[in-house]
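Input: a single structure, listed below in structure tokens.
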Amino acid sequence: MELVLIIISAMLVNNFVFSRFLGICPYLGVSKKMDSAAGMGMAVIFVMTVSAAIAWFLDKLLISLGLQFLRTIVFILVIAAFVQFVELFLKKNNPSLYDSLGIYLPLITTNCAILGLVVLNSMLKLNFLEAVFHALGASTGFAIALIIFAAIRERFELYDLPKPFEDLSIALVTAGLLSMAFMGFQGMVK
Amino acid sequence: MADKNESMAWYTFKKGITSENPTYVQALGMCPTLAVTTAAINGLGMGLAVIIVLTLSNIIVSLIRKAVPKDIRIPIFITVIATFVTMIDLLMHAYTYDLWKTLGIFIPLIVVNCIILGRAEAFASKNPVHYALLDGLGMGVGFTLSLFLLGSIREILGNGTWMGIHLWNFKMFMFILPPGAFITLGFLAAFFNYIKIKREEAEKKRQQQAKAQAQKA
């Protein structure tokens with residue numbers, strides 16, 4: 001029950017994009033087309049869940065060695081190495097999946113949602129299962145936000161917007177309205 | 001020649017604040033921009049941390065740029081950046097504890113702030129040290145001013161205070177909440193875009209007039 005609550009709270013109540021402000025760059029960057037948004041969403045779900053599991057063990061190791069101040073460096077290097085490894089693995093073993101996800105993988109390394117989640121897990125001192133489920137919920141929430149946003153944004157191309165609002169600013173205002181809608185979930189999980 | 005060098009240096013510094021402003025023009029580093037600007041002072045603190053990390057990492061990246069093999073440059077840059085971020089994290093924990101607590105998770109996240117890696121990759125790894133230093137300072141100051149502006153607007157409208165000074169009792173709480181961050185930044189971006197468009201139009205007009213005059217003569 002507790003694990004379900006963790007997923008729902010990470011997915012809807014504390015949505016990474018709308019209330020924690022993590023992963024805004026890919027959120028604004030790859031939301032122009034539905035296909036790429038879905039691809040990015042899937043890639044993030046996979047990478048985030050696995051990195052959370054790896055990072056949990058590393059965090060325990062660093063704590064037992066008393067080297068907690070190295071947390072940031074170790075986490076980012078492990079994420080970067082893991083992403084590189086996944087990219088090579090997919091290229092060799094599953095070219096069709098690589099074609100659909102491949103270009104998003106390098107972008108994920110600098111996605112602050114991944115590092116943010118790993119650091120959050122370590123700050124909240126979650127146990128292993130909680131950490132993995134937190135990652136699952138958060139990344140699914142990110143994918144949902146990205147896909148909803150891409151669906152709205154595709155329609156902007158049909159409308160005649162005032163010139164200064166084109167591109168970035170209308171995207172930000174839309175994100176603000178979506179974020180207001182997601183605030184409706186607040187209070188669902190204490 | 002000295003004159004040209006001087007103007008080049010000034011341009012390297014200035015472009016980060018105006019024509020290549022990281023927030024409003026390049027839309028980089030959006031996460032901390034939106035998250036920490038609930039008050040002007042938080043925006044300023046975050047901006048200062050970024051100035052320090054960006055300038056120091058630009059200097060180091062520029063110094064080692066000839067020794068770094070091309071294929072593994074990104075992990076090396078990230079390691080350099082992460083080292084400085086860890087130092088800032090520990091220093092802020094020690095000397096500005098309250099600010100450290102408010103900024104929270106966003107201090108370790110300076111590592112993945114795209115401005116810093118972006119400048120290392122696009123500028124510092126290709127230019128000599130003194131230009132890299134100026135570029136880092138300029139981009140950092142541009143980022144800080146953007147955060148300060150956004151933080152000020154949100155604090156004044158949402159809380160009725162500025163830098164902790166009480167102004168009035170009128171409060172629109174929405175501006176402190178996440179939707180307020182997105183919407184305020186959206187309107188600010190539109191405003192700066194409007195100025196840019198107006199300037200370009202004026203420039204075009206001037207060029208056309210000059211052309212017409214030249215033809216007359």
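All values below were derived from every heavy atom in this structure, side-chain atoms included, with hydrogens, water molecules and symmetry-related copies excluded. By convention in this document, chain letters (A, B, ...) are assigned in the order of the sequence lines, proteins followed by strands, and residues within each chain are numbered from 1.
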Query - Over 12 foreign heavy atoms within 6.0 Å of CZ, A:Phe128 - result: yes

Requested in this report: Indicate the atoms forming the closest heavy-atom contact of A:Cys112 with B:Val112, along with that distance.
Outcome: CB-CG2, 3.4 Å

Return all side-chain donor-acceptor pairs below 3.5 angstrom for residues 46-53 of chain A, not counting sequence neighbours, or 'none' if the list is empty.
{"from": "A:Thr49", "atom 1": "OG1", "to": "A:Ile45", "atom 2": "O", "distance (Å)": "2.6"}
{"from": "A:Ser51", "atom 1": "OG", "to": "A:Val47", "atom 2": "O", "distance (Å)": "2.3"}

Query raised in the report: Who among A:Ile73, A:Val173, A:Leu120 has the most heavy-atom pairs with chain B under 4.5 Å?
Result: A:Ile73

For residues 35-54 of chain B, dump all side-chain donor-acceptor pairs below 3.5 Å to protein atoms at least two apart in sequence or in another chain.
{"from": "B:Thr37", "atom 1": "OG1", "to": "B:Thr33", "atom 2": "O", "distance (Å)": "2.8"}
{"from": "B:Thr37", "atom 1": "OG1", "to": "B:Arg154", "atom 2": "NH1", "distance (Å)": "3.0"}
{"from": "B:Thr38", "atom 1": "OG1", "to": "B:Asn42", "atom 2": "ND2", "distance (Å)": "3.4"}

Report summary line: Among A:Ala80, A:Gly116, A:Pro162, A:Ala181, the residue with the most heavy-atom pairs under 4.5 Å to chain B is A:Gly116

Query raised in the report: Top residue by heavy-atom pair count (under 4.5 Å) with chain A, among B:Phe106, B:Phe192, B:Phe191?
Result: B:Phe106

Requested in this report: Count the heavy atoms of every other residue, nucleotide or ligand shown that sit under 6.0 Å from NZ of A:Lys60, and state whether that count exceeds 12.
Outcome: yes

Requested in this report: Identify the two heavy atoms, one from A:Ser169 and one from B:Gly186, that lie closest to each other, and give their separation to 0.1 Å.
Outcome: CB-O, 2.9 Å

Query - A:Met123, part contacting chain B, at a heavy-atom distance under 4.5 Å - result: side chain

Report task. Find the one option among B:Pro179, B:Ala181, B:Gly180 whose heavy-atom pairs under 4.5 Å with chain A are most numerous. Result -> B:Pro179

Query raised in the report: A:Leu28 versus chain B, heavy atoms under 4.5 Å apart: side chain, backbone, both or neither?
Result: side chain

Query - Stepwise ring-ring contact (aromatic ring centres under 6.0 Å, His included) test for B:Phe187 and A:Phe165 - result: CA-CA 8 Å; B:Phe187 274 90; A:Phe165 272 96; 5.4 Å; yes

**Report entry** Leading residue by heavy atom contact count with chain B [cutoff under 4.5 Å; candidates A:Pro164, A:Ala81, A:Gly23, A:Gly176]
**Finding:** A:Pro164

Query - Side chain / backbone / both / neither for B:Thr83 at chain A, heavy atoms under 4.5 Å - result: both

Report task. Step by step, work out the side-chain contact (heavy atoms from CB on, under 4.5 Å) result for B:Ile183 and A:Leu172. Result -> CA-CA 6 Å; B:Ile183 292 173; A:Leu172 283 167; over 6 Å; no

Query raised in the report: Do A:Leu70 and B:Thr86 come within less than 4.5 Å of each other through their side chains, counting heavy atoms only?
Result: no

Report task. Please work out whether the ring planes of A:Phe21 and B:Phe182 are parallel, tilted or perpendicular, with thresholds of 30° and 60°. Result -> tilted

Query raised in the report: For atom CZ of A:Phe82, is the number of surrounding heavy atoms from other residues, nucleotides or ligands below 6.0 Å larger than 12?
Result: yes

Query raised in the report: Is it true that atom CD of B:Glu201 has more than 12 heavy atoms of other residues, nucleotides or ligands lying nearer than 6.0 Å?
Result: yes

Requested in this report: Output the distance between atom CD1 (B:Ile105) and atom CG (A:Leu117), rounded to the nearest 0.5 Å.
Outcome: 8.0 Å

Requested in this report: Measure A:Gln84 against the heavy atoms of chain B and call it side chain, backbone, both or neither at under 4.5 Å.
Outcome: neither

Report summary line: Nearest heavy-atom contact between B:Pro108 and A:Thr72 is O-CG2, 3.7 Å

Report task. Please say whether more than 12 non-hydrogen atoms of neighbouring residues, nucleotides or ligands are located less than 6.0 Å from CD in A:Glu2. Result -> no

Query raised in the report: Of the backbone (N, CA, C, O) and the side chain (C-beta and beyond), which part of B:Tyr24 lies under 4.5 Å from a heavy atom of chain A, both, or neither?
Result: backbone

Report task. Before giving the answer on side-chain contact (heavy atoms from CB on, under 4.5 Å), spell out for A:Ile24 and B:Leu34 the whole-Å C-alpha distance, their side-chain angles and the decisive distance to 0.1 Å. Result -> CA-CA 9 Å; A:Ile24 304 284; B:Leu34 292 163; 4.0 Å; yes

Query raised in the report: How many angstroms lie between SG in B:Cys31 and CZ in A:Phe16, if you round to the nearest 0.5 Å?
Result: 10.5 Å

Query - Pairwise distance CD1(A:Ile76) to CD1(B:Ile81) - rounded to 0.5 angstrom - result: 9.5 Å

Report task. Start with the C-alpha distance between B:Leu177 and A:Met180, add both sets of side-chain angles, then the distance that settles side-chain contact (heavy atoms from CB on, under 4.5 Å), and finish with yes or no. Result -> CA-CA 9 Å; B:Leu177 296 173; A:Met180 229 181 263; over 6 Å; no

Requested in this report: Select one option (side chain, backbone, both, neither) describing which atoms of B:Leu188 are under 4.5 Å from chain A's heavy atoms.
Outcome: neither

**Report entry** B:Lys15 atom NZ, neighbour heavy-atom count above 12 within 6.0 Å
**Finding:** yes

Query raised in the report: Side chain, backbone, both or neither: which part of A:Leu22 has a heavy atom under 4.5 Å from chain B?
Result: both

Requested in this report: Answer with side chain, backbone, both or neither: which region of B:Ile197 has an atom nearer than 4.5 Å to a non-hydrogen atom of chain A?
Outcome: side chain

